[in-house]
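Below is one structure, written out as structure tokens, with a few remarks after it.
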Amino acid sequence: MSETLAEDSPGFHEAARRNNIDKIVALGHDPWGSRFDDRLLIGDVRARSAEVQFQVENGELLPLPDFEAEEPVEYRQWKSDHGPGSEIGPKVRIAGRIMLKRPTGKLIFLNIEDWTGGIQIFIGKKQVGEANWELAQCFDLGDLVGFDGRLGRTNTGELTVFAEGLHFHSKSLEPPPDKHAGLVDVELRQRRRYLDLCYTEGVRERFLKRTKIVASVRNTLNAQGFCEIEGPTLHAIAGGAAARPFVTHHNTLDLELHMRIALELHLKRLLVGGMERVYELGRVYRNEGISPKHNPEFTMLEVYQAYGDYRSMMDLTEAIIVNAIQAIGGESKLPWGDLEIDFTAPFERRTYSELFTEQTGVDPEDESAVIELAKSLQIDVEGRHLDVVKNEIFEEKVEDSLVGPIFVIDYPASICPLTKRKAGVPHIAERFELFVHGMEIANAYTELNDPDLQEKLFKTQLAGLSDEDSMAKMDHDFVRALRNGMPPTGGLGVGIDRLVMLLTNSTSIRDVILFPLLRPEA
RNA sequence: GCCCCCCUAGCUCAACUGGCAGAGCAUCUGACUCUUAAUCAGAGGGUUGAAGGUUCGAGUCCUUCGGGGGGCACCA
């Protein structure tokens, strides 16, 4: 073609594609396309494959052979055995991205994909005419194109749209990743997620599953009479969890603000306000480390049910998860790496103290034995509350062994400042955490609604903690809200990203977050 | 914040103990009307993440920096 292409270096791919844009314009088409009505989704087109039939001379229609059968069908032979006649199939209009291109002289085979699937396109020079053929010469991998054509089968039996009309929708100026290997580099996959979605097997499906899971969670809650609300994400005091917040600033008010680290305190204010079943499903922000299980912004669900308790929340948690699995067409047993997870409800329920004894051989009520064990694990015991020490042991020795799904119930009270104590057992808090393969998925309490106790526990919790710790900032307004009467309540928090990880067999949270936080590209 | 590993063509990857930077895909040119990771013939494409250093000679060794991954720490 033009000799400028060859000598162009690194931009030679783009130069070739811009050259094709010029040709498309010269042929009277818009390289950036326009509205395209009445197209069918490729998935729906594929579902109509049975409508492709073979019509013999007397007009009789024959069904095509089964191309999925074990014995491969020689379709060319089959046709000559049943001929003379011709294939007939429905007219379809489709659009998609060009994934593969196989030009063979005066024929071009394309594979195009939309978000419901892919299909092969047959473009024959004689069949489409000179003008369309010239347009087809301008097709590059990655372009978005459309076709009017007839659904049929090639000689090898592959379901194919035999093009009659060609449409150009959008040019890709950049070459796609390797057509076989796809995008492999993890950094590129995250930075250029749009490419990952197009060209890495299973990525789009995974994120569509995420959408379905989130919708299902809302459906489950709405069906039980919970109402979704939107609390503020900018907080004067970021409370409801122990995590460092992101700090920001409002100019006109000249006010330091914090991005929320939890949804809890505002939802509870709504309970005081008489909203008896509320939830929020939204983003929270924690200025902490990044790991395969932690992204600085992540999606949290918090649910509160007046006149419920942590046991009501266990049933609800099971319903949320079981329904979500159903929503993505999963079985109760889901793959997890080389293992599987059995999500058959009800999930196992074990007390903290039972599990502690089982895994360590030490009774958590036996102070001296606990201290001895802590020392043997090189856990600092000096000047720390015994429950805190116990919990470190629990996290180290017990949590990783929890295959689950398992509800760990009845935690030591002093590590749960927002939780009601078990009636008659003041050192046990009515709390559960749901663990699956060592990962904490959900956390629930019978919520504390005694304002005096809440204030006292806030203060105790605060003693000795640094200013950076958000719990160190008492939310007086929240305590004031409680002074106006919050019903006894069950509250639940679910890490949506982690739930999606489990249900989609993803080992990194960044595989289920479309745009995880990355440093700006160098 | 600490430790380990990675960064080579648009993409996926090679290059021995330091010795001429390569392949496949993609791109360009040519052939081909049922291909399917199409095939065949030819061509072009590189600041080896960046900057310094050691060396006759650095993709390779050393230092610093940038980006990423994993682990630790942090994290109800």
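Here is the naming used below: chain letters follow the sequence lines, and residue numbers restart at 1 for every chain. Computation of the quantities below employed the complete heavy-atom set of this structure, encompassing side-chain atoms and omitting hydrogens, waters and symmetry-equivalent molecules.
For the pair A:Gln137 CD and B:U29 C1', the computed distance is 14 Å after rounding to whole Å. As rounded to whole Å, 16 Å separates atom P of B:C34 from atom CG of A:Leu110. Atom CG in A:Leu141 sits roughly 12 Å away from atom C1' in B:C11 (whole-Å rounding). Spacing between atom CG of A:Leu100 and atom P of B:U39 amounts to 11 Å, rounded to whole angstrom units. When rounded to the nearest whole Å, the span between CG of A:Leu517 and C1' of B:G68 equals 13 Å. Put simply, CZ on A:Arg191 is 17 Å from P on B:G10, counting in whole angstrom units. In this structure, A:Leu183 places its CG atom 16 Å from P of B:A26, rounding to the nearest Å. Regarding A:Glu187, its CD atom lies at a distance of 10 Å from the P atom of B:G67, rounded to whole Å.
For A:Thr116 (side chain) and A:Gly43 (main-chain N/O), a donor-acceptor pair under 3.5 Å exists by modelled atom type.
You won't find any donor-acceptor pair under 3.5 Å spanning the side chain of A:Thr104 and the base of B:U33, going by distance alone. In terms of polar N and O atoms assigned as donor or acceptor, the side chain of A:Glu158 never comes within less than 3.5 Å of the base of B:U35 in a complementary pairing. On a pure distance criterion of 3.5 Å, no polar donor-acceptor pair joins the side chain of A:Asp185 and the base of B:G68.
Phosphate contact (OP1/OP2 of B:G68, side-chain N/O of A:Arg519, threshold under 4.0 Å): present. Using a 4.0 Å cut-off, some side-chain N or O of A:Gln190 falls inside it from OP1 or OP2 of B:G69. Between A:Lys179 and B:A38 there is a side-chain polar atom (N or O) within less than 4.0 angstrom of OP1 or OP2. Of the side-chain N and O atoms in A:Arg102, one or more sit less than 4.0 angstrom from OP1 or OP2 of B:A38.
Pairing for B:U12 goes to B:A23, judged as Watson-Crick or G-U wobble with the two contacts each under 3.5 Å. B:U33 is unpaired under the Watson-Crick or G-U wobble criterion, no partner having all donor-acceptor distances under 3.5 Å. With a cut-off of 3.5 Å on both Watson-Crick or G-U wobble distances, the partner of B:C65 is given as B:G49. Partner assigned to B:U54 is none, using Watson-Crick or G-U wobble distances below 3.5 angstrom. The nucleotide B:A38 finds no pairing partner, because no Watson-Crick or G-U wobble arrangement with both distances shorter than 3.5 Å includes it.
Within a 6.0 Å radius of CZ in A:Arg76, no more than 12 heavy atoms belonging to other residues, nucleotides or ligands are found. Remark: A:Lys101 NZ is packed, more than 12 non-hydrogen atoms of other residues, nucleotides or ligands lying under 6.0 Å away.
In this structure, A:Lys106 reaches the bases: a heavy-atom distance under 4.0 Å links it to at least one base atom across the strands shown. Using a 4.0 Å heavy-atom cutoff across all strands shown, A:Phe298 reaches no nucleic acid atom at all. At a threshold of 4.0 angstrom between heavy atoms, the contacts of A:Arg76 are confined to the sugar-phosphate backbone, with no base atom among them. Across all strands, A:Gly182 comes closer than 4.0 Å only to sugar-phosphate atoms, never to a base (heavy-atom distances). Among the protein residues, A:Tyr411 comes within range of no part of the nucleic acid, since none of its heavy atoms lies under 4.0 Å from any strand. Counting non-hydrogen atoms under 4.0 angstrom, A:Gly289 reaches a base of the nucleic acid. Contact annotation for A:Gln127: base contact, defined as any heavy-atom pair under 4.0 Å involving a base atom. Contact annotation for A:Arg510: backbone-only contact, meaning every heavy-atom pair under 4.0 Å involves sugar-phosphate atoms and none involves a base. At the heavy-atom level, A:Leu518 lies under 4.0 Å from the strands shown only through sugar-phosphate atoms.
Under the 6.0 Å distance and 45° angle rule, A:Arg150 counts as a cation-pi partner of A:Phe162.
Between B:C75, B:G70, B:A26, one nucleotide has an atom nearer to the side chain of A:Arg286 than all others, and that is B:C75. Of the candidate nucleotides B:U12, B:G69, B:A38, B:U12 has the atom nearest to the side chain of A:Asp178. Side-chain proximity of A:Phe12 to the nucleotides B:C34, B:G10, B:G69 is greatest for B:G10. You'll find that the side chain of A:Leu188 is closest to B:U12, out of B:C75, B:A26, B:U12. With B:U33, B:G68, B:A37 as the candidates, the nucleotide lying closest to the side chain of A:His180 is B:A37. Here B:U33 is the nucleotide among B:G68, B:U12, B:U33 with the atom lying nearest to any side-chain atom of A:Leu107. Considering only side-chain atoms of A:Gln120, the nucleotide from B:G70, B:C13, B:U35 that sits closest is B:U35. For A:Lys126, whose side chain is taken as the heavy atoms from C-beta onward, the closest listed nucleotide among B:C34, B:U33, B:C11 is B:U33. Set against B:C75, B:A26, B:U12, the side chain of A:Glu288 has B:C75 as its closest nucleotide.
Here, B:C11 and B:G45 have their C1' atoms 14 Å apart, quoted to the whole Å. Between the C1' atoms of B:C20 and B:G57, the separation comes to 12 Å (whole Å). Across B:A37 and B:C2, the matching P atoms stand 49 Å from one another, rounded to whole Å. Across the C1' atoms, B:A21 and B:G67 are found 24 Å apart, a figure rounded to whole Å. B:U54 and B:G18 have their C1' atoms separated by 12 Å, with the value rounded to a whole Å. Taking the P atoms as reference points, B:A14 lies 14 Å from B:G49, given to the whole Å. B:A58 sits 16 Å from B:A50 when the C1' atoms are compared, rounded to a whole Å. When the P atom is used for both B:G22 and B:U47, the distance is 14 Å, rounded to whole Å.
Ring centroids of A:Tyr75 and A:Phe67 are separated by less than 6.0 Å, placing the two rings close together.
Between A:Val436 and A:Phe347 the shortest side-chain heavy-atom distance does not fall below 4.5 Å.
To the nearest 0.5 angstrom, A:Glu399 atom CD is 12.5 Å from A:Ile393 atom CD1. Of the inter-residue distances, the one linking A:Thr200 atom OG1 with A:Arg189 atom CZ reads 5.0 Å to the nearest 0.5 angstrom.
Taking both residues in full, the closest heavy atoms of A:His437 and A:Leu339 are given as CE1-CD1, 3.6 Å, listed atom of the first, atom of the second, then distance.
Both A:Pro177 and A:Pro292 sit near RNA chain B, but only A:Pro177 has its closest nucleotide nearer the 5' end. The residue among A:Glu395 and A:Arg192 whose nearest nucleotide of RNA chain B is located toward the 5' end is A:Arg192.
Using modelled atom types, one finds no donor on one side chain facing an acceptor on the other under 3.5 Å when comparing A:Tyr285 with A:Arg283.
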